[in-house]
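Labels below follow one simple rule: chain letters A, B, ... track the order of the sequence lines, proteins then strands, and each chain is numbered from 1. Small disclaimer: the values here were computed from a predicted structure and weren't measured.
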Amino acid sequence: MARGPARVRGTQDMIGEQAARFHHVVDTFDRVRRLYGFGRVEVPVIEHTEVFARSLGETTDVVSKEMYSFADRGGDGVTLRPEFTAGIARAYLSEGWQQHGVLKLATSGPLFRYERPQKGRYRQFHQLDAEVIGAAEPAADVELLAMADQLLRELGVADDVTLKLNTLGDAATRDAWRAALVAYFEEHRDSLSHESRERLTRNPLRILDSKEPQDRPIVAGAPAIDDYLGDEARAFFEAVTHGLDVAGVRWEREPMLVRGLDYYRHTAFEFVTDRLGAQGTVLGGGRYDGLIEALGGPPTPAVGWAAGIERLAMMVDAPAVEWVRVALVPLGAQAEAAATGIAAGLRRAGLSCDLAYKGNMKKRMARADASGAAVAVILGDDELARGEAAVKTLATGEQRSVALDQLAEALRAR
RNA sequence: GCGAUCGUAGCUCAGCUGGUUAGAGCGCUGGUUUGUGGUACCAGAGGUCGCGGGUUCAAGCCCCGUCGGUCGCCCCA
């Protein structure tokens, strides 16, 4: 069995196909984000605990139980980031990024939540993230959703994923709807599941996506957000949905889709799938016009989303293996010394090249084959003395001599 | 925090109702070929059966505990 120290629960070591899938997702995101003019931003993995505590506020469970928080050697309370948005909002304020006007930002990297691992859920997990800060216009929501849609298309998972869209309205709408929901559920308290009765005091909006069958009929009769939407909020949502239609982004209305936190306004959305067990959300986000203010800044409109890299990586087709083009097989001490220089030359010429270090010739040839190289360059004392190398096309077994000074050119042509 | 399920070689797994020296495939090393791979054949290395206790003449197999993995609940910023 395994020896040595174990991996920390909920972390992952990735190699081979798994690592390739992961980076395929990140690379695709990086390409798509440029198409939409989103600049890359880098923010710390660690923040003062206050940054997340203030942004999360109401849901005590999240803050107390699920953050990786600790005191550093100086006694400061710090937390490994459980999400991107709060840290980016903090940077926006502390670094004076208002000077840049409307910011379209993209980032990706590790996040940490102290949770019980299960399918598509880890303690160190990774997300892609996109934010538009400083734009109150529905066009920002549309652009962000169009980018998400294109990303999922280019990853080849769009057919397995549905965009669920809702509006939470403005602050007044949200408060009124919430009050109506609480009153309604309070009325039906006795028929609710045990879990939902708990939620009623802690986080009543969550009752709307309860998994308990007995809650379904009650949820179905709950007050709908649409009855509480003001004219402005309604117009905003219509602008978003119309924009999506024009951009050719398919969406479905999901009136029960909510966000637990108070700073979310207007658009809320999730791209969901049924391919990932209990973790159906592959990409989610919304408008968080209240967040920067909650962190002590000026009222600043913002909207964004994040997507789970692991979840996407599980869904994409296996990316093509990255074969190396040339396998260099030196034989003997002299040839090995010369091969180092030849390999460097081939690589500078832009040819990917694997240099065999160990084993007898048979072993080295076997490795050359396993590397997927198109050609093996065999370099022994005879060849070296003549200033040549044997170039073998591995697929056909055909072999010929090539002068060393013409090697790069000859290999490129093949 | 709760529940279910699993834990045998580096990996994937087999091991019959408890019964001698615990097996296979892949991978690894060496050989058939002292300078020729992908196919084939031969040989070899590699295992505290997660860990601890118990029952038994006898435990990989049964019981208890514990640790770990997986899946789900809670939670989901």
Query raised in the report: Ignoring hydrogens and angles, does a donor from either the side chain of A:R121 or the base of B:rC76 sit under 3.5 Å from an acceptor on the other?
Result: yes

Query raised in the report: Could a donor-acceptor pair under 3.5 angstrom be found where the side chain of A:K392 meets the base of B:rU36?
Result: yes

Rounded to the nearest angstrom, tell me the gap between atom [atom1] in [X] and atom [atom2] in [N].
{"X": "A:D381", "N": "B:rU34", "atom1": "CG", "atom2": "C1'", "answer": "14 Å"}
{"X": "A:L111", "N": "B:rC76", "atom1": "CG", "atom2": "P", "answer": "17 Å"}
{"X": "A:M365", "N": "B:rU33", "atom1": "CE", "atom2": "P", "answer": "18 Å"}
{"X": "A:Q279", "N": "B:rC75", "atom1": "CD", "atom2": "C1'", "answer": "11 Å"}
{"X": "A:K358", "N": "B:rC28", "atom1": "NZ", "atom2": "P", "answer": "11 Å"}

Query raised in the report: Would A:D382 and A:R386 pass as an ion pair if we require N to O under 4.0 Å?
Result: no

**Report entry** Under-4.0 Å salt bridge between A:D262 and A:R174
**Finding:** yes

Taking the [atom1] atom in each of [N] and [M], what is the distance between them to the nearest angstrom?
{"N": "B:rC16", "M": "B:rA59", "atom1": "C1'", "result": "16 Å"}
{"N": "B:rC61", "M": "B:rC49", "atom1": "C1'", "result": "10 Å"}
{"N": "B:rG38", "M": "B:rU32", "atom1": "P", "result": "14 Å"}

**Report entry** Pair assignment for B:rG38, Watson-Crick or G-U wobble, requiring both distances under 3.5 Å
**Finding:** none

Report task. Find the partner of B:rU12: check Watson-Crick (N1-N3 plus N6-O4 or O6-N4) and G-U wobble (N1-O2, O6-N3) distances, both under 3.5 Å, and reply none if neither fits. Result -> B:rA24

Query raised in the report: Considering heavy-atom distances to RNA chain B, does A:A395 or A:R113 have its closest nucleotide positioned more toward the 5' end?
Result: A:A395

Query raised in the report: Between A:N203 and B:rC76, is there a side-chain N or O to OP1/OP2 distance below 4.0 Å?
Result: yes

